[in-house]
*Asks:* 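My questions all concern the structure below.
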Amino acid sequence: MSRTLPDGLHLGRRDHGLIPVIAAVAAIAALALGGWNAARSLSREWENGAAQHVTIEIPDFTGDAGETANKLSAVLRSDPGIATVDTLPEAQIRAILRPWLGAMQGELSDLPVVLAVTRKNGAPATDLPAILDTVAPSAILEENAKWGERLTLLGQSLQACAWLAVLLAGFATAGVTTLSVRMTLIARRRTVEILHGLGARDSLIARRIAWRSAGLGLAGGALGTLLGSATLAVLHRLILPFMDQQSAGLSLWPQSVSEWLSVWASLPQALFQSLACVPVLVALLSFAVAQYTVRLWLRRLP
């Protein structure tokens with residue numbers, strides 16, 4: 001049975017169908033926020049570290065690659081624009097080649113010497129090609145900074161797309177709420193006209209319906225955020241093996257409540273804060289749209 005409110009409005013369960021629709025929109029918004037958080041994290045990681053990394057490969061054609069690498073390392077360490085110079089161990093190089101060469105990488109005897117160089121932030125840029133031409137002419141230079149601008153632009157584009165999806169989800173929520181409120185007003189037109197004729201203020205009627213819409217928006221937003229966060233948790237579980245080799249044996253789907261809690265706990269804190277705002281923002285948007293729609297409808301009454 002529907003509950004009769006003191007002001008005579010009967011706001012029953014007919015509009016409960018709004019909850020699944022808002023839940024679907026909120027889930028899309030949650031997924032978009034997850035994509036925005038991931039793009040932002042990757043952009044920051046690139047700007048703070050990866051963009052400064054340089055790889056120098058010295059082929060061992062004549063057997064003197066090790067000596068050449070030592071000379072080059074000494075020159076680079078004395079340069080004020082270089083922070084660190086590290087020589088990759090042979091075992092690490094073979095591990096890098098294993099996915100492409102398989103067991104054949106163990107038979108290679110003339111592996112190149114690979115130097116991992118990190119530039120100093122804010123220091124004058126070192127002219128690495130000129131140094132290599134002098135010390136190691138056969139060396140191959142791979143500098144991440146060449147792709148820095150494109151990757152930065154890509155990260156910004158992904159973040160903009162994520163916010164566009166959130167904005168579209170907000171418009172969808174506003175449209176669905178407006179339609180639901182109009183259907184409520186049409187279904188209770190006679191009751192609203194009587195209350196309005198007896199002197200009930202527009203704010204009273206609008207507040208009653210707006211609070212109802214806000215409650216439905218909060219319920220749908222919470223349900224959709226839960227579904228979206230569960231999907232993000234599974235996606236995060238999928239990429240864990242790429243960040244931590246100890247997680248390579250994890251199953252696709254968490255098998256227990258404790259595993260679900262551990263996956264959710266591993267999500268970034270900024271993502272948690274963003275997801276927590278979704279139900280609240282949906283409720284506030286539903287309240288504001290319902291208020292505006294009801295007041296506009298009441299002004300048109302004779």
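We're numbering straight along the sequence, starting at 1.
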*Asks:* Does a side-chain heavy-atom distance below 4.5 Å link V181 with V289?
*Replies:* no
*Asks:* Looking only at atom types and distance, does a side-chain atom of T177 sit under 3.5 Å from a main-chain N or O of A174, one as donor and one as acceptor?
*Replies:* no
*Asks:* Going by the salt bridge (charged side-chain N to carboxylate O under 4.0 Å, His left out) test, which pairs reach into residues 68-88, not counting sequence neighbours?
*Replies:* E67-K71
*Asks:* For residues G221 and I22, report the shortest heavy-atom separation together with the two atoms involved.
*Replies:* N-CG2, 3.9 Å
*Asks:* Rounded to the nearest 0.5 Å, what's the gap from CG on L168 to OG1 on T173? Could you check?
*Replies:* 10.5 Å
*Asks:* Once rounded to the nearest 0.5 Å, what's the spacing between atom CD1 of I56 and atom CG of L128?
*Replies:* 5.5 Å
*Asks:* If you round to the nearest 0.5 Å, how far is CD1 of I82 from NZ of K120?
*Replies:* 9.0 Å
*Asks:* Using the rule that Ile, Leu, Val, Met, Phe, Trp and Tyr join whenever any side-chain heavy atoms are under 4.5 Å apart, tell me whether L31 and L275 fall into a single cluster.
*Replies:* yes
*Asks:* Which atom pair, heavy atoms only, marks the closest approach of A26 to G224?
*Replies:* CB-CA, 4.0 Å
*Asks:* What are the two closest heavy atoms between A210 and A290, and how far apart are they?
*Replies:* CA-CB, 3.6 Å
*Asks:* Would you say V75 ends up clustered with V54 if hydrophobic residues are merged whenever their side chains have heavy atoms under 4.5 Å apart, either directly or through other cluster members?
*Replies:* yes
*Asks:* Among the clusters formed by ILVMFWY side chains lying less than 4.5 Å apart, do L226 and L218 turn up in the same one?
*Replies:* no
*Asks:* Linking Ile, Leu, Val, Met, Phe, Trp and Tyr by side-chain heavy atoms under 4.5 Å, what else ends up with F287?
*Replies:* W211
*Asks:* Going by ring pair (Phe, Tyr, Trp, His ring centres under 6.0 Å), name the pairs with one or both residues in residues 168-188, residues two or more places apart or in two chains.
*Replies:* none
*Asks:* Please give me the minimum heavy-atom distance between A139 and L132, naming the atom from each residue.
*Replies:* CB-CD2, 4.1 Å
*Asks:* To the nearest 0.5 Å, tell me how far L33 CG sits from S274 OG.
*Replies:* 5.5 Å
*Asks:* Check for me, please, whether W36 and V25 land in the same ILVMFWY cluster - side-chain distances under 4.5 Å, paths through other members count.
*Replies:* no
*Asks:* State, to 0.1 Å, how close T87 and S73 come at their nearest heavy-atom pair, and which atoms those are.
*Replies:* OG1-OG, 4.3 Å
*Asks:* V278 and W163: same hydrophobic cluster, using ILVMFWY side-chain contacts below 4.5 Å?
*Replies:* yes
*Asks:* Atom CG of D64 and atom CG of N70: how far apart are they, to the nearest 0.5 Å?
*Replies:* 11.0 Å
*Asks:* Roughly how far apart are L227 CG and L232 CG, rounded to 0.5 Å?
*Replies:* 11.0 Å
*Asks:* Is any side-chain heavy atom of L76 closer than 4.5 Å to a side-chain heavy atom of V117?
*Replies:* yes
*Asks:* If every non-hydrogen atom of A219 is compared with every non-hydrogen atom of I19, which pair is closest and at what distance?
*Replies:* CB-CD1, 4.1 Å
